[in-house]
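Everything on this sheet refers to the single structure shown next.
None of the values given here were measured: they were computed from a predicted structure.
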Amino acid sequence: MYALGLARDPGCANIARTDQHAVGLRHYATALDQQAGRVPGPLGERLHDNATRLRDLADAHDRTRTTLRDGIA
């Protein structure tokens, strides 16, 4: 997960997130959900919970990202 460029603490001032990171988080969340369907009980639930957490991070990025508007940096 951390290979996607996210720090352990999403509130850290040093974190650098891009739209591609958010896309990567969603892809990884999908993979976790697929794995969760193949394992029993608490492990499957934990994988689903982690997938939900990753999607929440990606959604937070989409809501709070900074974009260029009208060609102004």
Side-chain angles (χ1 to χ4, degrees):
M1 172 176 53
Y2 301 114
L4 295 173
L6 295 179
R8 290 181 183 266
D9 177 9
C12 175
N14 293 329
I15 194 166
R17 295 177 293 184
T18 66
D19 293 341
Q20 287 299 336
H21 290 123
V23 169
L25 287 173
R26 288 189 178 94
H27 285 300
Y28 191 61
T30 298
L32 288 177
D33 277 334
Q34 290 171 349
Q35 288 177 348
R38 295 188 295 264
V39 297
L43 180 57
E45 292 172 20
R46 193 174 311 145
L47 290 170
H48 276 302
D49 290 345
N50 284 335
T52 298
R53 186 178 60 81
L54 294 177
R55 285 189 188 97
D56 289 346
L57 285 171
D59 291 344
H61 165 76
D62 289 344
R63 285 190 308 275
T64 62
R65 69 183 174 196
T66 301
T67 60
L68 295 177
R69 295 185 184 183
D70 302 323
I72 299 172

State whether a side-chain donor-acceptor pair under 3.5 Å links His27 with Thr30. no
Quick check on the hydrophobic clustering: are Leu43 and Leu32 connected, directly or via other members, by side-chain heavy-atom contacts under 4.5 Å? yes
Set of residues satisfying salt bridge (Lys or Arg N to Asp or Glu O under 4.0 Å) with respect to Asp56, sequence neighbours excluded: none
Could you give the distance from CD (Glu45) to CG (Leu47), rounded to the nearest 0.5 Å? 10.0 Å
Of all heavy-atom pairs linking Leu25 and Ala58, the shortest is CD1-N, 4.1 Å
Salt bridge (Lys or Arg N to Asp or Glu O under 4.0 Å) between Arg26 and Asp59, intermediate numbers included: CA-CA 9 Å; Arg26 288 189 178 94; Asp59 291 344; 2.8 Å; yes
Worked check of side-chain contact (heavy atoms from CB on, under 4.5 Å) between Asn50 and Gln35: CA-CA 11 Å; Asn50 284 335; Gln35 288 177 348; over 6 Å; no
Would you say Thr18 and His61 make side-chain contact, with heavy atoms under 4.5 Å? no
